[in-house]
Amino acid sequence: MASRFRLRPAQRLRRNADFVTIRRSGKPYRCSFFALYSKIRKSEDLELTMARIGISASKRVGNAVERNLVKRRFREIFRLSQHRIEPKADIVISIRAPAVEASYEELEQRFKHALKYNGLLRQSQTPSARRRREG
RNA sequence: CUUUGGAGCCAAGCGUUCGCUCCGUUGUUCUUUUUUAUCGGGGCGAAAGCCUCACGGAAUUUCGGAGAGGAAAGUCCGGACGUCAUAGGGCAGGAUUCCUCGCGAAAGCGAGGGCGUCUCGUUUCAAUGCGAGGCGACGGAUAGCGCCGCAGAAAAUAGGUAGCCUUUUUUGUUCCGCAAUUGCAGGACUUUGAAGGUCAUAGUGAAAAGGUGGGGUAAGAGCCCACCGCCGUUUCGAGUAAUCGAUCGGGCAUGGCAAGCCCAAUCCGACGCAAGACAAAAUAGGGGGCCGGGUUGCCCGCCCAUAAAGCUCCGGGUAUGUCGCGUCUCUUGAAAAAGGGGCCUGCGCUAAUGCACUCGAGAUAAAUGAACGCGUCUUCUAAAAGCUUCGGUUUUCAGAAGAACAGAAUCCGGCUUAUCGGCUCCAAAGCUAG
RNA sequence: AGCCUCGUGGUGUAAUGGUAGCACUAUGGAUUCUGGUUCCAUCUGUCGGGGUUCGAGUCCCUGCGAGGCUG
């Protein structure tokens, strides 16, 4: 299991209530590309062992093709960096219009900075272990 | 060969690594019950319950298969399908509109023809005729209502402002005749007013009440005539028809606008998959209103209900899952559902019925992606070489940028809009060579 | 996804098919020692395209934009 990075349906936020609560009471991080809200789940929820993400793109971002492209890029970024994220974290990303023009590398850099800013990085993980997994 | 136009087709390729959705398949683990409904088999047990196994479900895993469009878009039309306790009638509302034929379930599309209009060429003094091309939401303006600003005399059953003409009145000039300084009578011109005739003429306007020519008249006028135009339930002929031609009649009545209201003909029940169905959860039945409620916006009619319920508003609560989600049929099954086959498309074989391959998305905070590499095309920049009529042009190499419009959401048929390019065919024009 | 409504100066809002107005704002000037108030003048517009009509803000078609409703 540890040799691959999957993105299961259990790792995605699918309820409107989750979006509302995280957006209302989560910790915000804002930049020109997106706004990130994060919240650490309580320890009672033992079934969920992984971080969850939900991506929201309104119609102001662009047409359907552009919205889907940005959402796919953020899913890919989350998938490839999920081992570094606190497992009890719930993340909601609201995409803003300039993200359509941004490249994949820019989005990845901003996302990692947002993780560090909100304190969502996993403490026990080391960079050497990450390199071993990718190899 | 180039350019333009039309029609049709495609929607940039390959490889590696990782990833997503669905289906089938191989294992593993958990679950098989709390609520609702009578609900699998076996064992223990008085019962509650416990253990175990199958079907099923969930998570994960092996292998294999499939996975956005010509417009998926806009939601402009038409259907399928579902619901409304039937869908009947009338009114209202909406859609369509030259004729014929073809395709289609319908919308719509295509071909041909007719008519109108515009442009060009040609003919004619001109009107007009002929030819080519473009455009046309192209039924009806003698069914009715309404509107036609400004300008202009007048804008719609014609009327009469100026002007013209006749009669009469007044003023003046002049001519002629008679008597002879002056007067009388008459004619012509002019001026003022009145009555009448008339609309050819009018610095307008989008449009001026048939046009041109001639006769006629006091002046004029379809008042009359010729030609052209117009109208007609005249007749004849051609054509399936729209319509056209000839003839006869009518002196002309009938301005334009129906993408103003409207009239005629034909058609349309309403709402839309967030339609709706099932299951579960929550509320534990609060307060106000209607006595009826539903069926189409309204009326009739119909259906349900008759004092309990129903409907509606406010407040509170829940806002989750499955189906609907190609379609038909067969089998299994009580049902739900599952499985198989056909329908569709392309190609091959057979004389044919047929046979074989393929049968292509069902996501639901919404799946097709990310990274790297190779090659192709276009543009730009820089360099080298060849040809040159010194304007340029061709080839090679390097670098950079770009490779469209755009993402299924119940499905299908059209319409419209967006779109980098590539290929094939047809037509026209130009250039070069034979 | 389905359905509905609306686009007029910078803003708000009028206009039976017949010269596109009103108020606020902005700019300039006058008044004042200065500012405000007041007065005068100016600027700025029918969402784009096509059609019907003599003539479209209005009527019709089509696109664009904005807003809303339906669980």
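These numbers come from the heavy atoms of this one structure, side chains and all, not from hydrogens, waters or symmetry mates.
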Candidate pair A:Lys71 and A:Ile95, rule side-chain contact (heavy atoms from CB on, under 4.5 Å), full reasoning: CA-CA 8 Å; A:Lys71 285 163 78 173; A:Ile95 295 168; 4.0 Å; yes
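- The CD atom of A:Glu76 sits 6 Å away from the C1' atom of B:G19 (whole-angstrom rounding).
- The side chain of A:Arg79 sits closest to B:G369 out of B:G407, B:G369, B:A366.
- Atom C1' of B:U350 sits at a distance of 45 Å from the matching atom of B:G324, rounded to the whole Å.
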Audit row: A:Asp90, A:Arg52, salt bridge (charged side-chain N to carboxylate O under 4.0 Å, His left out) steps and yes/no: CA-CA 5 Å; A:Asp90 285 344; A:Arg52 297 190 298 172; 2.9 Å; yes
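- The separation between A:Lys71 atom NZ and B:A365 atom C1' is 6 Å, rounded to whole Å.
- Atoms CG (A:Asp90) and C1' (B:A365) sit 14 Å apart, rounded to a whole Å.
- A close approach under 4.0 Å does occur between a side-chain nitrogen or oxygen of A:Arg75 and OP1 or OP2 of B:A366.
- Here the separation of B:G310 from B:C291, taken at their C1' atoms, is 10 Å to the nearest Å.
- Closest-nucleotide positions on RNA chain B for A:Arg72 and A:Ile53 were compared, and the one nearer the 5' end corresponds to A:Ile53.
- On the P atoms, B:G134 is 47 Å away from B:A154, given to the nearest whole Å.
- With a 3.5 Å ceiling on both atom-pair distances, the Watson-Crick or G-U wobble partner of B:C372 is B:G15.
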Salt bridge (charged side-chain N to carboxylate O under 4.0 Å, His left out) between A:Arg73 and A:Glu76, intermediate numbers included: CA-CA 5 Å; A:Arg73 280 178 169 171; A:Glu76 184 75 9; over 6 Å; no
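- Taking 90° from 0 as the syn/anti boundary, the base of B:G430 is oriented anti.
- One P atom belongs to B:A246, the other to B:C263, and the distance between them is 40 Å to the nearest Å.
- Spacing between atom CG of A:Asn68 and atom P of B:U368 amounts to 8 Å, rounded to whole angstrom units.
- Spacing of P atoms, B:U33 relative to B:A80, comes out at 49 Å, to the nearest Å.
- Rounded to whole Å, atom C1' of B:A371 lies 15 Å from atom CG of A:Leu107.
- Between B:A408 and C:A1, the two C1' atoms lie 12 Å apart (nearest whole Å).
- Within a 6.0 Å sphere centred on CD of A:Glu106, other residues, nucleotides and ligands contribute more than 12 heavy atoms.
- With rounding to the nearest 0.5 angstrom, the OH atom of A:Tyr37 is 5.5 Å from the OG atom of A:Ser94.
- For the C1' atom pair drawn from B:G13 and B:G346, the interatomic distance equals 24 Å after rounding to whole Å.
- The same atom, C1', is picked in B:A406 and in B:U358; the two are 30 Å apart, to the nearest Å.
- The phosphate of B:G369 has neither OP1 nor OP2 within less than 4.0 Å of any side-chain N or O from A:Arg73.
- Of the listed nucleotides (B:G407, B:C18, B:A370), B:A370 has the atom at the smallest distance from the side chain of A:Leu69.
- Heavy atoms from other residues, nucleotides or ligands lying under 6.0 Å from NZ of A:Lys116 number 12 at most.
- In textbook terms, a nucleotide whose glycosidic angle is within 90° of 0 is syn, and B:G70 is one such case.
- Per the geometry, CZ belonging to A:Phe74 stands 15 Å off C1' belonging to B:A365, to the nearest Å.
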